Structures are given as structure tokens and as C-alpha cells.
Number of protein chains: 2
Amino acid sequence: MPRATINDVATAANVSTATVSRVLNGHKVTSSTSDRVWAAVGTLDYTPNALTRGVFAGRSNTIGVIIRDLNSPFYLELMRGIDKVATHDRSLVMFANTFNQIEREAAHVQTMDEQRVRGLILTTGPSTDDRTKHFAERGTPCVIVARKAPDLVPNLHSIALDNHEAGRLIATHLIECGKKSIGVLHGGSRTSQSERIDGLRETLAEYDLTLHDDVVHVAESGNDVSVALDEIFTNARAVGRPIDTIVCLTGLLTTRTYEVLNERGCHIPEDIALIAMDDFPWAKTLGITVVAQPSFDMGVEAATLITNGNDHPQHIVKNPRLVVRQSCGESEEPTE
Amino acid sequence: MPRATINDVATAANVSTATVSRVLNGHKVTSSTSDRVWAAVGTLDYTPNALTRGVFAGRSNTIGVIIRDLNSPFYLELMRGIDKVATHDRSLVMFANTFNQIEREAAHVQTMDEQRVRGLILTTGPSTDDRTKHFAERGTPCVIVARKAPDLVPNLHSIALDNHEAGRLIATHLIECGKKSIGVLHGGSRTSQSERIDGLRETLAEYDLTLHDDVVHVAESGNDVSVALDEIFTNARAVGRPIDTIVCLTGLLTTRTYEVLNERGCHIPEDIALIAMDDFPWAKTLGITVVAQPSFDMGVEAATLITNGNDHPQHIVKNPRLVVRQSCGESEEPTE
DNA sequence: TTGAAAGCGCTAACAG
DNA sequence: CTGTTAGCGCTTTCAA
């Protein structure tokens, strides 16, 4: 049997479809008619069609989210934050994972557009900026996460970490721990990464420490870590400054780095210090010192930016937080 | 300016809306008209409205997913598997997280119904069974994950682990490692948990080992672990059988268990063995032996069950896989 | 191959 | 307070 429609309910309750619609949406009706309508809804097992509602309203009550890689603890927590707001707001979350393939980003934005999402949260790179701007200009609020929005466009917001400060936090902590020769693993050419490197480098410079380019290496996935680490160690030794610390500038690299270091018999923190971006459940267990992003909160705020519906572009910058554990050979008195 | 509609495109291209629709859907039209239509689509920046399409079709091209807790590695991988199929199929994934609150499950199923999802994948408990059955009977394919579907209803599929076998795998491995007194931490009264316990208990019995109820404790969240562990140790000591192994029957408990054991100065595997359900990135690093579920594949198969659109109810059972590492004091010759 | 027209399920004016 | 009526944007017969 086909689904009951509003017409069926109207017939069964002996009222017009308009009245049924009113009852369903909580508008004023006599309680006796309202009762009849609800009774009909019950017996016919009627479920309103959100699609049709969306057609009329011009948009759905769905928040679109495009995630780079759900595997990263940062994105996972972000997602949970978004979902929390959505549930509270009786919205839904529509989700797409690009699996780090840039060419998929634009397609996903397009699909979200077709779905007439009420807002879009995206963690994509600049490749989608044009489409996103367009999208925002037409009235759909968009929030770019982990990167500053490209321009001052109405409805185009952003929420990002103060990446420069994150770099500074790392550098300061390492200096306090007496580290002198630092190697860096980062996740590619995103601005977030280069800002962190800048903050790191500048702060080190204040203490007369130089971060040379040949000890800063990219590792897009965990697989590259071993090779990158080799390069870093070799280059540093060549100039007589053996590495005493490895910095992971993206959370995804931490597992593999820790593993490779272990495999080579490097003890943390005795032989080498390790500090990473993004906190994750096992970091505490393993005593890894990290600079954490408030990822859940960022999800909450991103979603709120959408549910609020304020056109005025906002650019929220969140502060990173140093979580001191033992992986940098921290002394008894913690810095925090 | 408002969005362009199919009418605008038709006017601009000097054709009827029917023709535009045909072009958009790849039906047969003269190439010259087709060109004109596409040109108009371009200049007007027309994006088709998926909602309207859905109204007509009676359903959207969205797959609904209700997840218990995205934090668990099992659900996360499942989600990625689902997303992979969806992307391939040009469908979207609509997602809701219940945060383990049962009372939210039904509401989410309802919302998914209103959205006219093309299929529903759910990891909820039996509380939603009635609604789900209803849903399936009306023609929307539903896949219950990690639990057998309640009945033989058309369109109501399920995909689950052979939990009994998982329990058996754990028991066999522990016996091979010479373990004799086992304590169990599980995640509550779900059938998955009790089946694992049964498999464990029965296999142990075959080797004349008894798993007493007083060393099987529930720990809904990581917070309870410490208390539960206390109980287990105390009870076992009372009967002169000090615990030599802790089994975590759900992945979420593993972090906390490992941590508590560490805090108490118990070395793994010298003082106590640890084996857990569900593999996760850090397990390899930490040398934790686990029984893994093919969670990504389960996501892929669940989604495929929906995109295939076969009414006939299917009940897929997947095999668990023992991943031997060092946390049970494994000898040189691995069992696998 | 194309157009006219009806309608998917629902909402919102506008009367009454 | 309630019914009538006209759409929302798109698809699909049915003719031409």
C-alpha cells in the first residue's frame, strides 16, 4: 500500500488539507478538529514528507558537511560537535567524505547544493572556494573550517585555529625542555601547516635557534613518515646538529611517527622528544605531549553559525592549548 | 537574485520545461537543442533541485545512517565504508549520532522516515525494531548492523559479526597462551555482548575452565572501568584464582582498561594479559592482540544492500579475525 | 523530437 | 477558525 498523504488524512478527518497542514505545524485550530486530525494521522500511519516541505521553503533543514578524512581525530570530534547542534535544532546532517581526494570536493559541494542544504560546513582546500563563494552569495550560509575564508562575502564564515600560536606554543615548550635541534613533519601545503611552521620558526628564532628547511618534511600519509624521517635525520647529522625532537604538525601522522621511532629503537623521550598537534584518546596513555584544538567546540560553533542565520561574515579564531605529558622529557614542574 | 529554475532555463533556451528535463536526465534530444539548453544552464548558473526530484520519485537518493557513538573505531570505519559506496552511487549519506541515548533512536528513525531516505542503516538497539519493521514493510530497505534483524520482513536486512565465534577465538587464543583465570569487561546487555560471552564461556568449558559470573562485569563507559576491574580482581582473589587476563568485549573500553592497568603498575603481558575486540590504529603500536571485525567491509556491504534494492531479506554474518600481537605473552610461533 | 498539461505532497494567501 | 485556490520546481504521459 502506498504511503498516506496529507490528502488521505484530510479525507479521513473530514477537513481540508489546509487544516491538516495547520494542525501538523501547530497553528491555531479548534481542539476538536485537531483531535480528529491526529486520530487520522495515527490510523493512517501518516508521516509528513520533508522533501515536499523543502520544495516549498526553497531549502531543506539539512546541514551539509564535507570532511577530508573522517579518520583524523580532529574531524571526528568536529563531526560530533556538529551533530550535537543539529540534533538540538531538529536538523539533520548530510555527510560526505572526500578521502583526501581533492577532485571530489567540488562534486560534493555541487551535490550539497542540489540538495538545497540549509548550510554547508566544509573542510576542503581552496579548490572549492569559487563554488563556495557563489553558494554563499546566493544565501546559503557556509562555514570553512580550519582555514580562513577567502574573502569578505556575506554568509561565508570561517572558524580556524590560531595556527601561528600553535607553532609558538610548541616552540616555547620545546625550549623550556631544553631542546635545540628540531625536525618537523607536516601534512602538505595547506595554510594551516605553513602558519604552524611560521609560528614555530619565528619563536625559535627569538631564542637564536634556526629551523632549516631541510629538516621540515611533508608526509601526506602515514606511509611517507619513514622516508621523511630518514631525510630529516640525515640532513641534520650532516651539519652536525643531530635531531633531538620530532614535531608532528598534523594528528594523522602521530601514530606512524611514534611507531617508526620505536622500530628504530629510539626511546621517547630519552633518545628523542615527540610533540604533536591534536589530542586523541591514546595520547594520554602513551604520555604524548600535544597541542590540542578544541575540535568538538569548533563543530558546535560552526553548526551554530548556520542555525543562527546571520549573514554577516564571521571569522572565528580559536586558541590552541598545550597539554603537557612526558614525551618531551618534561621536568617535575609542568608548565601548565 | 533568486535561483534559476527549470522554467528560466526553458525560456532562455527557447524550449519547453519538458525538454530541459529531458536534457538534464540524458534522454534523447536533438544535439542542437541540447546544446542550447546546456548553454542556458551555464549562463543562468542553474542547479537542479534534488528535493523536487525526490517529491516526484517518492523518495530521496539519500542513505540514512543512525550511529550509536561515532567515537568507537567500529562505527567510524563502518561509516567510511558506507560513504564509499554512497559516493560511488552518487547518493548522499544522512547521519545522526545517538550519543548512546536510547530515547533518541526512535526520534531519529522518524526523522529519516520524514526525509524519505532511500534506505536506512542502523546500529540501534531493539527499541526501534517496531518502527524499523514498519519502515521496511512500506518498502524502504533497512539494514540493522551488529545485530540480527528481529524477523523475516521484506526489505529488512542485517549484517553482523559471528559473535559466538569471536568469543571462541578469544578463548582459544588465551588457552594457547596458557591463561587460566579470565576477567571480562563488556558493554552492556546487547545481544552482541552476550553472544561473545557465551562463545568465550563455552570454549573455555571445553578446556575445563569455568567463567564465573562474578568476573564478568559491565562498563558502559570508560569511567566505569576502574570500578569494574576492582570487582573482578577482588572476586577472583576471594576464590584463590587471581586473574591473569582481561578481555575487553567492546572497543570503546580498551583505552581506559589499558590505562587503569598501567596506573596500577600491572605490566602487560608479564603481570596480566589483555585482549580486546576491534582493531584500531594504535593497537599495533602498543602490541595489543585483538579480534577484529571487518568494519569497513560491513559498511560497504550494508550500503550495497540498500543500493541493490533487493526485497528479499538477507542476514549476512561476517567472520571475526584474530590479530596476534604481544599483549597475551604470545610465544615465538604465532598462531596465525 | 518536442510541447502542453496534469500532478507529486505540501504550504500560504485570501476569503468566508 | 476553516476551506478554496494557486502555486513550489520538477517529471511524465499524451498528442502533435
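Quick caveat: nothing in here was measured; it's all calculated off a predicted structure. The chains referred to below are lettered A, B, ... by the order of the sequence lines, with proteins before strands, and numbering in each begins at 1.
Around the CD1 atom of A/Ile102, the shell of radius 6.0 Å holds no more than 12 heavy atoms that belong to other residues, nucleotides or ligands.
Using a cut-off of 4.0 Å between Lys/Arg side-chain N and Asp/Glu carboxylate O, B/Arg3 and B/Asp45 are scored as not salt-bridged.
A donor-acceptor pair shorter than 3.5 Å cannot be found between the side chains of A/Ser31 and A/Ser34.
To the nearest angstrom, C1' of C/dG3 lies 13 Å from CD1 of B/Ile6. The NZ atom of A/Lys28 sits 14 Å away from the C1' atom of D/dT2 (whole-angstrom rounding). Here the P atom of nucleotide D/dT11 and the CG atom of B/Asn25 are 5 Å apart, to the nearest Å. Whole-Å rounding puts the B/Arg36 CZ to C/dT2 P distance at 8 Å.
Nearest nucleotide to the A/Val55 side chain, out of D/dC1, D/dC8, D/dC10: D/dC8. Among the nucleotides C/dG9, D/dT4, D/dG9, the one closest to any side-chain atom of A/Asn49 is C/dG9. Of the candidate nucleotides C/dT11, D/dT12, C/dC10, D/dT12 has the atom lying nearest to any side-chain atom of B/Phe56. When each of C/dT11, D/dT11, C/dT2 is scored by its nearest atom to the side-chain atoms of B/Thr33, the top-ranked nucleotide is C/dT2.
Remark: A/Thr19 is in phosphate contact with D/dG3, judged by side-chain N or O atoms under 4.0 Å from OP1 or OP2. For D/dC10, neither phosphate oxygen OP1 nor OP2 lies less than 4.0 angstrom from any side-chain nitrogen or oxygen of B/Thr52. Using a 4.0 Å cut-off, no side-chain N or O of A/Arg22 falls inside it from OP1 or OP2 of C/dT11. At least one side-chain nitrogen or oxygen of B/Thr30 sits closer than 4.0 Å to the OP1 or OP2 atom of C/dT2.
Mapping A/Thr17 and A/Val29 onto DNA chain D via the closest heavy atom, the residue that lands nearer the 5' end is A/Val29.
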